[in-house]
Undergrad: 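Take a look at the following structure, please.
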Number of protein chains: 2
Amino acid sequence: MAADATDAVFSPVVAPTTFEETVERLGTAIRSGVLSPGRRLPAERDLAEQLRISRSTLRQALTALAESGHLVAQRGRGGGTFVAERPPLAADPEGGLPDDWRERIAVRRAFEVGTACLAAEAAAADPDAAAPGIAALREQIVAMEAAAEFDAYRRADVALHVGLAELTGIRRLVLQATEHQAAATELIARIPHPWAVLAHSNAEHRRLVAAVERGDVAAAVRTVRRHLAGTQHVLAGLAPGRAGT
Amino acid sequence: MAADATDAVFSPVVAPTTFEETVERLGTAIRSGVLSPGRRLPAERDLAEQLRISRSTLRQALTALAESGHLVAQRGRGGGTFVAERPPLAADPEGGLPDDWRERIAVRRAFEVGTACLAAEAAAADPDAAAPGIAALREQIVAMEAAAEFDAYRRADVALHVGLAELTGIRRLVLQATEHQAAATELIARIPHPWAVLAHSNAEHRRLVAAVERGDVAAAVRTVRRHLAGTQHVLAGLAPGRAGT
DNA sequence: GGGTAAAGGTACGCCACTCACACCTTCGGG
DNA sequence: CCCGAAGGTGTGAGTGGCGTACCTTTACCC
């Protein structure tokens with residue numbers, strides 16, 4: 001097992017550029033549905049200011065996202081940059097799982113468990129403040145039940161998990177949640193989704209929301225754990241032999 | 001509550017440089033004790049290769065760490081770069097908590113809960129493989145009981161939590177664990193630590209390790225949760241009014 | 001005692017990225 | 001019909017990271 005602490009310390013250092021970070025940020029937000037189709041982004045000059053980057057760099061990112069079908073730009077007065085009507089769901093739908101998929105899914109699991117824990121705590125600490133957020137979660141569950149195709153289902157699924165992070169009130173967790181969800185979508189898109197599985201999954205969603213609502217941390221954690229374990233096992237079944245690094 | 005998902009998406013983009021990332025990586029490893037005092041780092045040329053960065057950039061980082069008292073360099077054959085005998089525990093012990101301390105401590109809690117969950121699962125899945133790791137955790141607990149001063153206690157504490165992450169076998173979690181621990185140390189260093197509290201804390205450690213050993217996920221999560229809630233409350237008591245952003 | 005190898009220390013030029021700034025183009029509304 | 005708000009374009013400076021070659025120190029070995 002190569003998880004020794006010193007090995008980890010000496011593992012490669014990555015330094016993403018501003019351009020890459022921006023594409024990642026906006027791209028995941030769009031793919032995960034946090035920025036919904038047709039939505040208008042702030043004007044470039046404003047957005048650059050909000051993101052604390054120069055307009056030049058922002059435009060590089062916007063151009064890249066436009067070329068990859070995430071965004072559509074319209075010139076002239078009343079124009080702007082809009083999220084495409086049918087943005088790509090996953091960044092790279094080429095065959096084969098990335099070889100570190102085990103790590104990714106495990107990190108995501110750890111993250112979700114922790115988030116669910118904090119969300120349940122927040123709901124227990126201030127039920128009134130959490131109520132609207134929880135109602136929003138319920139709406140997503142309804143949307144999932146009504147979903148006629150997998151894309152719609154998955155979008156609501158993502159919204160639910162991101163909404164859970166919102167309950168914690170921690171901005172950083174919300175950001176990470178969208179990233180994890182977008183990453184998870186890319187993996188999940190490659191496995192079959194029989195309706196029976198989706199129905200079962202949604203039953204777990206209901207249980208999760210109920211647990212959060214009554215502030216039952218243990219139940220929330222348990223439910224999330226089982227919920228994600230299913231995904232992990234299905235992926236493991238699809239993995240070519242063992243794909244560990 | 002400023003944790004709305006779209007707000008998070010449009011929050012500032014940060015792009016750390018390779019230099020900064022490297023200082024962060026090595027600095028946290030040293031401060032958290034993962035790289036222990038007196039330890040020799042790989043030769044610059046080798047280390048640069050391992051970290052996948054140029055030697056020039058690596059040297060910038062090493063120089064900065066040497067100036068801040070983390071490292072000591074010795075020239076000549078048989079020389080090398082060594083971790084200082086008494087490296088600084090915290091990066092910036094200036095007065096006052098950083099204003100986003102609530103976020104930090106919350107993110108850390110979420111992380112630890114998730115990690116404990118995965119660690120307990122790993123132990124349950126393959127008890128024999130996890131046994132040596134768990135024995136190492138017990139050693140840290142013994143070290144904490146024997147600790148005569150807070151520094152020694154804290155180092156063992158960090159080692160315990162990092163060791164927990166190692167049990168999961170996920171390199172990324174180990175890396176994040178050292179970062180969270182180093183960050184936590186900076187906060188914890190500012191609060192008083194009566195021996196009674198430390199003893200109580202260690203009792204929780206024992207319970208945590210026991211829960212992990214028998215693969216009891218629920219108990220592990222519950223224990224970690226309580227364990228960290230204590231820290232959070234003490235910090236909240238020290239916070240100047242409300243330090244929210 | 002001198003050579004040699006292994007380590008850190010120094011210098012320099014190239015390239016990619018980021019930024020600020022100025023300007024052009026489109027197009028709806030007053 | 002013109003103005004203003006939006007995206008689109010171009011340029012030059014500054015900075016950071018990289019590669020490469022070379023220098024200096026020092027322990028060990030013959």
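Treat the numbers as computed from the prediction; the structure is a model and nothing was measured. Side chains included, hydrogens not; waters and symmetry mates left out as well; all remaining heavy atoms used. Order of the sequence lines sets the chain letters (A, B, ...), proteins ahead of strands, with each chain counted from 1.
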Undergrad: With no angle test and no hydrogens, is the base of D:dG17 tied to the side chain of B:Arg59 by a donor-acceptor pair under 3.5 Å?
TA: no
Undergrad: Counting only side-chain heavy atoms from C-beta out, which of C:dG8, D:dC18, D:dG7 sits nearest to A:Arg55?
TA: D:dG7
Undergrad: Side chain of A:Ser54, heavy atoms from C-beta onward: which of D:dG7, C:dA11, C:dC19 has the nearest atom to it?
TA: C:dC19
Undergrad: What are the two closest heavy atoms between B:Thr28 and B:Ala182, and how far apart are they?
TA: CB-CB, 3.8 Å
Undergrad: For a quick test of reading the model: is some side-chain N or O of B:Arg40 closer than 4.0 Å to OP1 or OP2 of C:dA7?
TA: yes
Undergrad: Specify the separation, in whole Å, of atom CD of A:Gln74 and atom C1' of C:dC27.
TA: 11 Å
Undergrad: Report the distance from atom CD of B:Glu44 to atom C1' of D:dG17, rounded to the nearest whole Å.
TA: 16 Å
Undergrad: Checking only heavy atoms, does the side chain of B:Arg77 share a donor-acceptor pair with the base of C:dG8 at less than 3.5 Å?
TA: no
Undergrad: Hey, does the side chain of A:Thr81 come within less than 4.0 Å of D:dG7's phosphate (OP1/OP2), counting only N and O?
TA: yes
Undergrad: Could you go through residues 135-147 of chain A and list every donor-acceptor pair under 3.5 Å that involves a side-chain atom there, pairing it with any protein atom two or more places apart or in another chain?
TA:
{"residue": "A:Arg138", "atom": "NH1", "partner": "A:Glu213", "partner atom": "OE1", "Å": "3.3"}
{"residue": "A:Arg138", "atom": "NH2", "partner": "A:Glu213", "partner atom": "OE1", "Å": "2.9"}
{"residue": "A:Glu145", "atom": "OE1", "partner": "A:Arg206", "partner atom": "NH2", "Å": "3.4"}
{"residue": "A:Glu145", "atom": "OE2", "partner": "A:Arg206", "partner atom": "NE", "Å": "3.4"}
{"residue": "A:Glu145", "atom": "OE2", "partner": "A:Arg206", "partner atom": "NH2", "Å": "3.2"}

Undergrad: State which of C:dT18, D:dG8, C:dG8 makes the closest approach to the side chain of A:Ala73.
TA: D:dG8
Undergrad: Does any residue of residues 21-30 of chain B have a heavy atom under 4.0 Å from DNA chain D, and if so, which ones, in number order?
TA: none
Undergrad: Measure the distance from CD on A:Glu49 to P on C:dA20 and round it to the nearest whole Å.
TA: 11 Å
Undergrad: What is the distance, rounded to the nearest whole Å, between atom CG of A:Leu62 and atom P of D:dA6?
TA: 15 Å
Undergrad: Grab the CZ-C1' distance between A:Arg52 and C:dA20 for me, whole Å please.
TA: 17 Å
Undergrad: Looking only at the side chain of B:Arg75 (C-beta and beyond, no hydrogens), which of the listed nucleotides D:dT9, D:dG17, D:dT24 gets closest?
TA: D:dT24
Undergrad: Among D:dG17, D:dG8, C:dC19, which nucleotide has an atom closest to any side-chain atom of A:Thr57?
TA: C:dC19
Undergrad: Would you kindly give the CG-to-C1' distance between B:Leu58 and C:dA7, to the nearest whole Å?
TA: 14 Å
Undergrad: How is A:Gly78 classified with respect to the nucleic acid when contacts are heavy atoms under 4.0 Å: base, sugar-phosphate, or nothing?
TA: nothing
Undergrad: Taking CZ from B:Phe19 and P from D:dC18, how many angstroms apart are they, rounded to a whole number?
TA: 13 Å
Undergrad: Round to the nearest Å and state the distance from B:Gln60 atom CD to D:dG16 atom C1'.
TA: 8 Å
Undergrad: Want to settle it: does A:Gly76 or A:Arg45 sit nearer the 5' end of DNA chain C, counting the closest nucleotide to each?
TA: A:Arg45
Undergrad: Could you tell me whether B:Ser56 contacts a base, only the sugar-phosphate backbone, or nothing, with contacts defined as non-hydrogen atoms closer than 4.0 Å?
TA: base
Undergrad: What nucleotide, of C:dC21, D:dG16, D:dC18, holds the atom closest to the side chain of B:Thr17?
TA: D:dG16
Undergrad: Please, what dot-bracket string fits DNA chain C when only Watson-Crick and G-U pairs with both distances under 3.5 Å count, crossing ones use [ ] and pairs to another strand use |?
TA: ||||||||||||||||||||||||||||||
Undergrad: Under 4.5 Å between any side-chain heavy atoms of B:Phe19 and B:Ile53, yes or no?
TA: no
Undergrad: Verify whether one side chain among B:Glu112 and B:His161 offers a donor that lies under 3.5 Å from an acceptor in the other.
TA: yes
